Number of protein chains: 2
Amino acid sequence: MKKANTKTRTPRGTADQILDTAQQLVQTRGFNAFSYADISANLGITKASLHYHFATKASLGTSLIERYDAAMTGMLSTIAGKVRNSREKLQDYVAIYRSVLANRRLCLCGMLAAEYTTLPKAMQKALDSYFQHNEAWLAEVLAAGRTKGELSYDGDPVDAAQYLVGALEGAMLIARSQGGQARFDAATRRLLAEFGA
Amino acid sequence: MKKANTKTRTPRGTADQILDTAQQLVQTRGFNAFSYADISANLGITKASLHYHFATKASLGTSLIERYDAAMTGMLSTIAGKVRNSREKLQDYVAIYRSVLANRRLCLCGMLAAEYTTLPKAMQKALDSYFQHNEAWLAEVLAAGRTKGELSYDGDPVDAAQYLVGALEGAMLIARSQGGQARFDAATRRLLAEFGA
DNA sequence: GTCTATAACGAGATAGAC
DNA sequence: GTCTATCTCGTTATAGAC
């Protein structure tokens with residue numbers, strides 16, 4: 001076999017390293033505020049080589065979102081698979097965002113949502129999918145949680161899920177520059193309490 | 001007199017027109033995704049002339065935030081001056097954000113918060129002030145409202161105000177590309193209900 | 001798959017005439 | 001206060017050698 005699906009730490013390929021660096025840059029500076037030169041400097045590889053792996057910045061950006069979406073889907077599956085109660089699932093979901101902010105980053109897709117009107121169509125589509133997946137998972141957790149009496153809130157679970165995502169993204173966005181982790185934690189305590197978590 | 005402080009519609013000066021155009025561009029595209037050429041095209045004035053009014057993009061950006069902050073302060077004074085109950089004050093506050101989104105824009109300072117790490121220091125300072133002013137006004141409304149029994153919520157009014165600002169900015173941010181005005185309205189209904197408004 | 005070299009363009013900014 | 005003209009730099013992207 002050429003590539004084993006092991007869980008051991010395999011040396012990341014160049015494309016992955018490029019994506020890692022680009023992701024960090026987008027999460028801290030935004031898609032319109034980083035360049036191939038930045039990645040080149042961080043990785044010690046020339047700009048021309050970057051174009052071998054990702055011909056255009058648009059294709060790099062699209063791969064970035066798709067990988068992020070897939071990683072999130074994986075984490076949500078893991079959370080769901082632990083089959084604990086819905087309260088904990090919600091807490092774990094919030095914890096994902098918390099750990100992103102702890103690295104002084106924003107959610108990749110929250111950042112890109114701010115730049116939405118300037119993004120290539122392919123990136124916009126990928127972004128739409130990301131939020132779709134996230135909110136569908138959350139709505140399901142909220143619906144099941146209320147049925148089981150583990151969570152409590154009013155109205156439509158889909159509305160509630162959308163509210164949650166927006167509030168979480170906003171809390172990260174503002175907390176990064178105003179108040180930091182403490183502010184984010186205070187906000188999410190309030191948010192979770194609202195759902196009986 | 002050279003300039004009367006009248007409330008009649010006086011023809012806006014060139015600097016004001018530049019700020020108007022720049023503000024619209026930042027609110028839709030972001031500070032890093034617009035150029036002097038864009039303003040030039042929109043206003044029919046050369047880039048060189050723009051530099052006469054705002055020598056650097058950083059100075060233009062700083063003026064933008066300061067003007068936005070002042071306008072917001074004015075609106076908050078007006079709301080406060082109408083001396084109705086705190087519920088209505090909170091609703092009016094939310095309505096300000098709503099009208100911004102209705103023009104397919106984000107809050108200027110929410111957008112800039114996403115780009116925070118790439119902004120000149122002067123712009124960062126001005127942004128900090130904007131949020132400080134906003135949250136101080138909100139915290140005061142929340143504190144008084146609870147005392148008078150017009151609002152109800154748990155914990156520190158300052159925490160609550162910060163939570164509110166984050167949730168509102170996030171609701172706008174995501175709603176612009178995912179769900180639009182309807183999604184924003186659903187989110188703010190939930191948010192207001194949380195405070196007994 | 002990575003490199004050197006360069007093209008093609010747009011950015012922020014300045015000099016100096018009117 | 002607005003213009004023309006220009007400068008310098010950074011950007012995405014490509015050609016072609018190794």
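Heavy atoms only: backbone and side chains are in, while hydrogens, waters and symmetry mates are out. Note that the structure is predicted; figures quoted are calculated from it, not measured. Note on naming: letters A, B, ... go to the chains in the order of the sequence lines (proteins, then strands), and numbering restarts at 1 for each one.
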J.: State which of dT2(D), dA5(D), dT12(D) makes the closest approach to the side chain of Y36(A).
T.: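 The nucleotide sitting nearest to the side chain is dT12(D).
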J.: Starting at CG of L50(A) and ending at P of dC3(C), how long is that distance when rounded to a whole Å?
T.: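 So the CG-P distance, L50(A) to dC3(C), works out to 9 Å.
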J.: Heavy atoms from C-beta onward define the side chain here; which of dA13(D), dT14(C), dA13(C) lies closest to that of A48(B)?
T.: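 Closest nucleotide to the A48(B) side chain: dT14(C).
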J.: Nearest to the side chain of H51(B), which nucleotide is it out of dA13(D), dT14(C), dG1(C)?
T.: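 Looking only at heavy atoms from C-beta outward on H51(B), the closest nucleotide is dT14(C).
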J.: Taking atom C1' of dA11(C) as reference, at what distance in whole Å does atom CG of L25(B) sit?
T.: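 Rounded to whole Å, this separation is 15 Å.
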J.: K57(B) NZ to dT14(C) C1': how many Å, rounded?
T.: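 Taking NZ of K57(B) and C1' of dT14(C), I get 18 Å after rounding.
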J.: Establish, with yes or no, whether the OP1 or OP2 oxygen of dG1(C) is under 4.0 angstrom from a side-chain nitrogen or oxygen of Y52(A).
T.: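 Yes, such a contact exists.
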J.: What's the closest nucleotide to the A37(A) side chain, out of dA13(D), dA11(C), dT11(D)?
T.: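 Ranking dA13(D), dA11(C), dT11(D) by closest atom to the A37(A) side chain puts dT11(D) first.
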J.: Is the Lys NZ or Arg CZ of K125(A) less than 6.0 Å from the centre of Y130(A)'s six-membered ring, within 45° of the axis?
T.: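 Judged by the rule (NZ or CZ under 6.0 Å from the ring centre, within 45° of its axis), K125(A) is not positioned above Y130(A).
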J.: Can you tell which of dT12(D), dT14(D), dC3(D) lies closest to the side chain of K47(A)?
T.: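 Nearest to the side chain of K47(A) among the choices is dT12(D).
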J.: Within the 4.0 Å heavy-atom criterion, would you say S49(B) contacts the bases, only the backbone, or no part of the nucleic acid?
T.: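 Counting heavy atoms under 4.0 Å across all strands, the contact made by S49(B) includes a base.
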J.: Taking CD1 from I18(A) and C1' from dT2(C), how many angstroms apart are they, rounded to a whole number?
T.: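 The distance from CD1 of I18(A) to C1' of dT2(C) comes to 11 Å, rounded to the nearest Å.
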J.: Pick base, sugar-phosphate or nothing for T46(A), based on heavy-atom distances below 4.0 Å to the nucleic acid.
T.: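 The residue T46(A) makes base contact.
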J.: Cation-pi check for F184(B) against R98(B): NZ or CZ below 6.0 Å from the six-membered ring centre and within 45 degrees of the axis, yes or no?
T.: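 Negative - R98(B) is either too far from the ring of F184(B) or too far off its axis.
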J.: Considering just the side-chain nitrogens and oxygens of T14(A), establish if one lies under 4.0 Å of OP1 or OP2 belonging to dT2(C).
T.: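 For dT2(C), OP1 or OP2 has a side-chain N or O of T14(A) closer than 4.0 Å.
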J.: Could you tell me whether F54(A) contacts a base, only the sugar-phosphate backbone, or nothing, with contacts defined as non-hydrogen atoms closer than 4.0 Å?
T.: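 No contact at all - F54(A) keeps every heavy atom at 4.0 Å or more from the nucleic acid.
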